[in-house]
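Report on one structure; see the data block that follows.
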Protein chains: 2
Amino acid sequence: MSETNEIKVAVDAIVFGYQQNTLFVLLVKQKFGQMKGTWVLPGGFVLKHESLIEAVTRELQEEAGIQVNYLEQLYTFGDNIHRDPRFRVISVAYFALVNPNNFALVEQNDTDAEEAQWFAIDRIPRLGYDHNEIIKVAHQRIKNKLTYQPIGFDLLADEFPFSDLESLYTIILEQDIDRRNFRKKILSLGFIEETDTLVANTGSGRPARLFRFNKDTYNQLLSKGFHFEIKFA
Amino acid sequence: MSETNEIKVAVDAIVFGYQQNTLFVLLVKQKFGQMKGTWVLPGGFVLKHESLIEAVTRELQEEAGIQVNYLEQLYTFGDNIHRDPRFRVISVAYFALVNPNNFALVEQNDTDAEEAQWFAIDRIPRLGYDHNEIIKVAHQRIKNKLTYQPIGFDLLADEFPFSDLESLYTIILEQDIDRRNFRKKILSLGFIEETDTLVANTGSGRPARLFRFNKDTYNQLLSKGFHFEIKFA
DNA sequence: TACATTTGCGTAAAAATTACACAAATACAT
DNA sequence: ATGTATTTGTGTAATTTTTACGCAAATGTA
């Protein structure tokens, strides 16, 4: 029974960002140890006196100087006994999103991670531990979640043109959607507000109106039993 | 960093069973320690050389002599630092279902748990640790999952009358449904087979035909992109 | 000022969901 | 054996939701 003392508890974060019509994942390069030089998910061991959530946010701060604006528990990886070759470690993985405001990475000193960097989801190198698998699970999660929770707005700026939302969906779901039906459906939900700002696109084309996700309205609807759902043919 | 050694890893299981139109949860009575006599979820510490899944199945066997027929990870509870007053413990909770074949509890000797017992979901006593909260999460999970995955069949016998499936849904979702529309929808999915067995009900009434869930057919549909979904007015 | 590019918008057809009531088969009581 | 209570089994019309689809407006650039 006391053997459980020898199991270490880690947290890891899969942080998604969205820029230039691309979905990115945040990775850090290991600075010390036998894994030195390999890319891994930001994360580390949980301290005895901190909660799991505190541990992830601390690690994200330390290793990448980043603040996420959506965070939820993803899955706990502990079935592969040798996922860490050094010790028996179970890792509680967290799923996080950052919007363009927080996309920038701040250089940190004095940490395990030499550098942090964004990688396009389809250009992830071979990672340390079982982190490639963890990313697969997270990738599936973001795809599913996009259809039944309004998390897309956590990847966009506060105000965004409709086409951004649309391409975010097509890119993450890897699926074409009908522009007109998409717009109709989204607007019918009732929590997307039209602003009166117009922005010109780079290149040519008619300027686009900016929209805003109203979280309060969304929460009100939620409490009335509303259920978000976006599906396409 | 080495402080993580002092975090213990436990697993707990929320096992649901369905009998006599009632949803039950499996609990065990603590036999030793300062919690002696209080009811808790079946579970215990993870051994160094076993996977998380192995730990749960072992504990279920040891404490209740039960074999489940659906098992998935639910959530890892580790934000309340004092959820266990003795040590810092994080618990990986598992969500399980048993069908009527495996509902019977087998007496075990030599374990931490004095006895195991089924409790109706709305008659759960005050439990040890944070287990009442864990059950709440699991309860929500079963409600959600029932609508987007065919887990109801893991709570029913291999062959079942349609009315059983129907009342399972009404009871777990706490919501009335239209018998005709429900039957129509379910049968239209294409993976529920009609048997040619008729069974008389206890009491009076027209005998009911038995149906069977065809998992193979369901899996084939899944791989073709089919998406299970049951909604009601 | 013509051309390319992007935004913005409506309607008709098809599909899915909802609402709704009565007959058939049995057990039980008389 | 007959009537009554109980449970299973079934169809259709109205409504709502989803799908398919094309052209005009506003800009930048050559």
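Worth saying up front: this structure is predicted, and the values here are computed from it rather than measured. To find a chain, count down the sequence lines: A is the first, B the second, and so on, and within it residues start at 1.
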Is the shortest heavy-atom distance from the side chain of A:Pro161 to the side chain of A:Asn201 under 4.5 Å?
no
For nucleotides 23-30 of chain C, just jot down a letter per nucleotide in 5' to 3' order: B, S or -, based on protein non-hydrogen atoms under 4.0 Å.
-BBBB---
Using atom CD of B:Glu194 as one end and atom P of D:dT8 as the other, report the distance to the nearest whole Å.
15 Å
If you look only at pairs with a residue in residues 172-183 of chain A, which of them pass as a side-chain hydrogen bond (donor to acceptor under 3.5 Å, both in side chains), with sequence neighbours excluded?
A:Lys143-A:Glu174, A:Asn181-A:Lys184
List the residues meeting salt bridge (Lys or Arg N to Asp or Glu O under 4.0 Å) with B:Glu159, not counting sequence neighbours, and say none if there are none.
B:Arg212
Using a 4.5 Å cut-off on heavy atoms from C-beta on, say whether the side chain of B:Phe153 contacts that of B:Tyr218.
no
How long is the line joining CD of A:Glu229 and P of D:dT17, in whole Å?
14 Å
So, does A:Arg183 get its side chain near the phosphate of C:dC9, meaning an N or O under 4.0 Å from OP1 or OP2?
yes
Phosphate contact (C:dT6 OP1 or OP2) by A:Ser163 side-chain N/O below 4.0 Å
no
Report yes or no: does A:Tyr18 contribute a side-chain atom to a donor-acceptor pair with the main-chain N or O of A:Leu168 at less than 3.5 Å?
yes
Length of the CG-P vector between A:Leu187 and C:dG10, whole Å
12 Å
Protein and nucleotides 11-17 of chain C: nitrogen or oxygen contacts under 3.5 angstrom:
residue : atom : partner  : partner atom : Å
C:dT11  : O4   : A:Lys184 : NZ           : 2.8

Between D:dT8 atom C1' and B:Phe160 atom CZ, what is the distance in whole Å?
15 Å
Do any N or O atoms from the side chain of A:Asn21 and from the backbone of A:Ser167 form a donor-acceptor pair under 3.5 angstrom?
no
What pairs with A:Asn99 under side-chain contact (heavy atoms from CB on, under 4.5 Å), at least two apart in sequence or on another chain?
A:Asn69, A:Asn101, A:Asn102
Hey, does A:Tyr129 have a side-chain heavy atom less than 4.5 Å from the side chain of A:Thr38?
no
Donor-acceptor under 3.5 Å (A:Glu115 side chain, A:Lys29 main chain):
no
Is the shortest heavy-atom distance from the side chain of B:Val40 to the side chain of B:Asp12 under 4.5 Å?
no
Measure from the side-chain N and O atoms of B:Asp130 to the backbone N and O of B:Glu133, and report whether any donor-acceptor pair falls under 3.5 Å.
no
Just how far, in rounded Å, is C1' of C:dT6 from CZ of A:Arg209?
15 Å
Among residues 168-180 of chain B, which residues get a heavy atom nearer than 4.0 Å to DNA chain C?
B:Asp178, B:Arg180
Measure the distance from CG on A:Leu165 to P on C:dT7 and round it to the nearest whole Å.
12 Å
